[in-house]
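Right, one structure below, let's go through it.
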Amino acid sequence: MLVIMGLYAFSNNRSRNKNVVRTKVEFVGDQNLYITEGAVNKLLIQNYGRLENVAKEKLVLNTIEKALEANEMVKSAQVYLTIDGELTSKIVQRKPIGRIEGDSKFYPDDEGKRMPFSSNYSARVPIITGNITGKSLEDVYKILEFINKDDFLRKNVIGIHVKAEDDYQLKFRLNQFVVNLGDIENLEAKFSNFKAFYAKANKDKTLEDFAIVSLEFNNQVVCTKI
């Protein structure tokens, strides 16, 4: 028993005195880097100095995680020390779903929060223009949320224009027409009707005949020809 207790104490003391040999940054999920490995290392150095050769017992991993998560590009961080002394930081980045081009320029992310533009990477997301207010921004987030759940819309919608509160237009990637969405009521029905119209018009090769496609009226798709 004494031998076991002695070995445990020796092992525990040795573990506490182990130093950080190297640091490593891993990005989880999306590989479009809005914050780089160099920026993460710089952030750690600014807060803690160089971590190589720092004793394990002096590290407060939870505090390091919070420092990383304070960065506006980081959604969450997990920091741990491996048996061989490698301090690993696993980073989950925030995910932009739109690009606001108004008096203030920023990304709304998938949690509805503001995310600054990155100097390292520009996200390919729908651009939002027009009369952007607090109410219209909330509505735009709901539209973007719906678009991102639908494969067809996610691939084809490249812009949302805010004409006024409760009055929104959509711009599509390959088509000249604009889609008058109106307000955000009954989005599922509106987009379902639009996709049925699009499939038929595409089959008939008449998509380029239209200037405006309106979804504002109940259960109808009203088109204006060029």
Side-chain angles (χ1 to χ4, degrees), residues 30 32-35 72-75 93-202 206-226:
D30 191 353
N32 297 322
L33 298 184
Y34 303 101
I35 181 172
E72 292 181 300
M73 301 297 178
V74 176
K75 184 175 184 178
Q93 299 179 107
R94 294 172 65 186
K95 183 179 179 181
I97 59 173
R99 182 185 179 105
I100 303 294
E101 291 289 348
D103 293 335
S104 298
K105 300 179 186 294
F106 59 91
Y107 295 123
D109 73 1
D110 59 349
E111 295 182 334
K113 299 175 183 177
R114 295 190 178 206
M115 175 181 171
F117 291 166
S118 167
S119 59
N120 190 58
Y121 183 82
S122 182
R124 297 182 64 182
V125 290
I127 296 174
I128 294 87
T129 57
N131 184 27
I132 301 167
T133 64
K135 168 65 167 58
S136 63
L137 186 57
E138 290 178 11
D139 288 351
V140 163
Y141 172 70
K142 291 176 182 176
I143 296 169
L144 288 169
E145 202 175 28
F146 194 97
I147 287 171
N148 272 279
K149 292 177 182 177
D150 185 282
D151 189 57
F152 169 78
L153 296 173
R154 187 174 62 254
K155 289 178 180 177
N156 288 283
V157 176
I158 60 171
I160 301 173
H161 181 67
V162 183
K163 295 177 67 179
E165 287 187 3
D166 296 323
D167 193 359
Y168 306 100
Q169 286 183 328
L170 305 181
K171 173 69 176 174
F172 278 69
R173 187 177 305 281
L174 300 177
N175 306 106
Q176 296 181 4
F177 59 75
V178 295
V179 176
N180 285 344
L181 184 64
D183 59 29
I184 63 168
E185 296 298 319
N186 303 314
L187 283 180
E188 186 169 355
K190 287 179 178 180
F191 283 125
S192 179
N193 290 337
F194 173 76
K195 288 194 287 184
F197 152 79
Y198 192 97
K200 180 152 191 330
N202 189 44
T206 58
L207 284 173
E208 300 304 319
D209 295 345
F210 303 109
I212 299 173
V213 177
S214 179
L215 309 177
E216 299 169 277
F217 309 102
N218 288 337
N219 205 33
Q220 297 181 64
V221 177
V222 179
C223 303
T224 302
K225 287 193 172 184
I226 296 174

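Positions are given from 1 along the sequence.
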Atom NZ in Lys155, atom CZ in Arg173: separation rounded to 0.5 Å? 10.5 Å

Indicate yes or no: does Lys142 engage Asp183 in a salt bridge with an N to O separation below 4.0 Å. no

Could you report the tightest heavy-atom contact between Pro96 and Val125, atom names first, then the distance? O-CG1, 3.6 Å

Could you go through the side chain to side chain contact (heavy atoms under 4.5 Å, CB included) check for Val179 and Lys190 one step at a time? CA-CA 11 Å; Val179 176; Lys190 287 179 178 180; over 6 Å; no

Under 4.5 Å between any side-chain heavy atoms of Asp166 and Lys135, yes or no? yes

As an exercise, state the distance from CG of Asn202 to CD of Glu208, rounded to the nearest 0.5 Å. 9.5 Å

Please step through salt bridge (charged side-chain N to carboxylate O under 4.0 Å, His left out) for the pair Asp150 and Arg154, ending with a clear verdict. CA-CA 6 Å; Asp150 185 282; Arg154 187 174 62 254; over 6 Å; no

Please check if the side chain of Thr133 supplies one atom and the backbone of Ser136 the other of a donor-acceptor pair under 3.5 Å. yes

To the nearest 0.5 Å, what is the distance between CZ (Arg114) and CZ (Phe106)? 3.5 Å

Using modelled atom types and a 3.5 Å cut-off, is there a donor and acceptor pairing between side-chain atoms of Tyr141 and backbone atoms of Asp110? yes

Please name the pair of heavy atoms, one in Lys171 and one in Gln176, separated by the smallest distance, quoted to 0.1 Å. NZ-O, 3.9 Å

Looking at side-chain heavy atoms only, is the closest gap between Asp109 and Lys95 below 4.5 Å? no

Do Ile100 and Pro108 touch side chain to side chain, with heavy atoms closer than 4.5 Å? yes

What distance do Leu153 atom CG and Asn156 atom CG have between them, rounded to the nearest 0.5 Å? 7.5 Å

From Ile143 CD1 over to Glu138 CD, what is the distance, rounded to the nearest 0.5 angstrom? 12.0 Å

Rounded at 0.5 Å granularity, tell me how far CD1 in Ile128 sits from CD1 in Ile160. 5.0 Å

Residue pair Leu207, Phe177: steps toward the side chain to side chain contact (heavy atoms under 4.5 Å, CB included) verdict: CA-CA 8 Å; Leu207 284 173; Phe177 59 75; 4.0 Å; yes

Look at the side chain of Glu111 and the backbone N and O of Arg94, then say whether any donor-acceptor pair between them is shorter than 3.5 Å. no

Closest non-hydrogen atom pair between Ala123 and Tyr107, with its separation: N-OH, 3.0 Å

With ring-ring contact (aromatic ring centres under 6.0 Å, His included) as the rule and sequence neighbours excluded, what pairs involving residues 206-226 come up? Phe197-Phe210

Taking only residues two or more places apart in sequence, or in another chain, which ones meet Tyr168 in a ring-ring contact (aromatic ring centres under 6.0 Å, His included)? none

Verdict with reasoning, Glu216 to Val222, per side chain to side chain contact (heavy atoms under 4.5 Å, CB included): CA-CA 8 Å; Glu216 299 169 277; Val222 179; over 6 Å; no

Heavy-atom closest contact (Ile97 atom, Glu145 atom, distance): CD1-N, 4.4 Å

Looking only at non-hydrogen atoms, find the nearest pair between Glu188 and Phe146 and report the distance. CA-CZ, 3.5 Å

Sequence neighbours excluded, the answer for ring-ring contact (aromatic ring centres under 6.0 Å, His included) partners of Phe172 is Phe194

Given side chains that start at C-beta, do those of Leu187 and Leu181 come closer than 4.5 Å, heavy atoms only? yes

Does some side-chain heavy atom of Val221 sit less than 4.5 Å from a side-chain heavy atom of Leu215? yes

Minimum-distance pair of heavy atoms, taken over all atoms of Met115 and Met73: CE-SD, 3.7 Å

